[in-house]
Asks: 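Take a look at the following structure, please.
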Protein chains: 2
Amino acid sequence: MELIMVFKALSNQTRINILVWLKQPHLHFPADELKDYDPNLGVCVSDIKTKAGLSASTTSDYLSILQKCGLLEATRVGQWTYFKRNEGAIETLNKLIKKAF
Amino acid sequence: MELIMVFKALSNQTRINILVWLKQPHLHFPADELKDYDPNLGVCVSDIKTKAGLSASTTSDYLSILQKCGLLEATRVGQWTYFKRNEGAIETLNKLIKKAF
DNA sequence: CAAATATATCGATATTTACCGAAATTACGA
DNA sequence: TCGTAATTTCGGTAAATATCGATATATTTG
């Protein structure tokens with residue numbers, strides 16, 4: 001995990017929000033608004049797009065940025081891509097930050 | 001402390017380095033290369049500039065960015081400005097990150 | 001297979017950031 | 001008070017990031 005990549009990923013309010021929303025999906029994505037949700041897989045791109053109020057392309061970009069630095073994991077199921085937090089990586093990040101700083 | 005400001009400040013390798021260097025100044029700024037060092041005040045801009053290999057203006061910019069988001073503290077003594085880590089803020093940051101993510 | 005849906009990728013433009021050198025500011029010392 | 005040193009501020013240019021719409025790629029379904 002590249003600390004600087006993580007910090008770049010997190011220097012955008014929407015990307016911070018996505019990480020927070022995905023901590024408790026049921027809280028931030030009301031069930032009746034969710035097109036698709038599987039606790040094991042996470043939330044699909046469209047639902048995050050709607051919540052963030054961004055275009056599909058930007059949303060896809062953001063999720064990809066968060067994934068590439070390790071904070072999110074993606075699972076493709078049919079036409080959907082579900083994203084969820086990589087809790088292990090987030091814990092590692094906390095330790096890294098505590099150690100480095 | 002604005003989390004996003006901190007992340008922006010840290011999305012630059014040199015600024016990350018500065019924070020790490022200032023954790024143990026004696027280790028990263030050999031005594032015989034230090035123009036000025038006071039454990040209570042920190043390290044002066046010129047010494048950080050030399051270590052970072054950047055221009056004076058960029059170094060000043062970077063230090064100011066780190067200071068504005070709360071990670072560093074500055075003390076002006078005569079013609080020198082000494083910078084040191086704000087350990088309290090860094091601890092707060094760790095807690096904030098742990099809580100938010 | 002054709003149409004529809006979800007997502008990803010590809011330019012394109014606007015904004016932000018990275019850095020620099022020059023100039024301004026402040027402090028010191030002869 | 002003049003010259004020198006340390007730092008900051010001020011433009012300026014180059015590179016990176018933000019964000020979009022259009023297009024491309026899968027996948028599902030009629």
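Chain identifiers are assigned alphabetically (A, B, ...) following the order of the sequence lines, protein sequences preceding nucleic acid strands; residue numbering begins at 1 within each chain.
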Asks: Please confirm whether any donor atom in the side chain of A:Ser55 sits under 3.5 Å from an acceptor in the base of D:dG21, or the reverse.
Replies: no
Asks: With heavy atoms under 4.0 Å as the rule, sort B:Asn12 into base, sugar-phosphate or nothing.
Replies: sugar-phosphate
Asks: Please report the distance, rounded to the nearest Å, between CG in B:Leu66 and P in C:dA18.
Replies: 11 Å
Asks: Can you identify which nucleotide, out of C:dA6, D:dT9, D:dT7, has its nearest atom closest to the B:Val45 side chain?
Replies: D:dT7
Asks: Using a 6.0 Å cut-off, check whether atom CD of B:Glu91 has over 12 heavy atoms from anything other than its own residue.
Replies: no
Asks: OH of A:Tyr82 versus P of C:dA6: gap in Å, rounded?
Replies: 11 Å
Asks: Taking OP1 and OP2 of C:dA27, is either one under 4.0 Å from a side-chain nitrogen or oxygen of B:Arg76?
Replies: no
Asks: Show your working on side-chain hydrogen bond (donor to acceptor under 3.5 Å, both in side chains) between A:Ser55 and A:Thr58 and close with a plain yes or no.
Replies: CA-CA 5 Å; A:Ser55 72; A:Thr58 300; 3.0 Å; yes
Asks: Looking at A:Gln79 and D:dT28, is any side-chain donor or acceptor paired with a base atom of the opposite kind under 3.5 Å?
Replies: no
Asks: A:Lys49 has an atom NZ; how far is it from atom C1' of C:dT9, in whole Å?
Replies: 17 Å
Asks: Report which part of the nucleic acid A:Thr81 touches: base, sugar-phosphate, or nothing (heavy-atom distance under 4.0 Å, all strands).
Replies: sugar-phosphate
Asks: B:Leu54 CG to C:dG21 P: how many Å, rounded?
Replies: 11 Å
Asks: Just one of A:Leu72, A:Ile65, A:Leu71 clears the side chain to side chain contact (heavy atoms under 4.5 Å, CB included) bar with A:Arg15, so which one?
Replies: A:Ile65
Asks: How do B:Thr58 and A:Thr14 order along DNA chain D: which one's closest nucleotide is nearer the 5' end?
Replies: B:Thr58
Asks: Mind calculating the distance between CG (B:Asp61) and C1' (C:dC20) to the nearest angstrom?
Replies: 10 Å
Asks: When you get a sec, tell me which of C:dC20, C:dA8, C:dA18 is the closest nucleotide to the side chain of B:Tyr62?
Replies: C:dA18
Asks: Whole-Å distance between D:dT7 C1' and B:Ile48 CD1?
Replies: 12 Å
Asks: Nearest-Å distance, CG (B:Leu63) to P (C:dA18)?
Replies: 14 Å
Asks: Taking for each residue the nucleotide of DNA chain D with the nearest heavy atom, is it A:Gly78 or A:Ser11 whose nucleotide lies nearer the 5' end?
Replies: A:Ser11
Asks: Taking CE from B:Met5 and P from C:dT17, how many angstroms apart are they, rounded to a whole number?
Replies: 8 Å
Asks: Can you figure out which of D:dC20, C:dT7, D:dA18 approaches the side chain of A:Arg15 most closely?
Replies: D:dA18
Asks: Look at atom NZ of A:Lys23 and say whether more than 12 heavy atoms of other residues, nucleotides or ligands are closer to it than 6.0 Å.
Replies: yes
Asks: Can you tell me which nucleotide in C:dA8, D:dG21, C:dG21 comes closest to the side chain of A:Ser60?
Replies: C:dA8
Asks: Using a 4.5 Å cut-off on heavy atoms from C-beta on, say whether the side chain of A:Phe101 contacts that of B:Val20.
Replies: yes
Asks: Counting heavy atoms from C-beta on, name the nucleotide in C:dA8, D:dC10, D:dG21 closest to the side chain of A:Phe83.
Replies: C:dA8
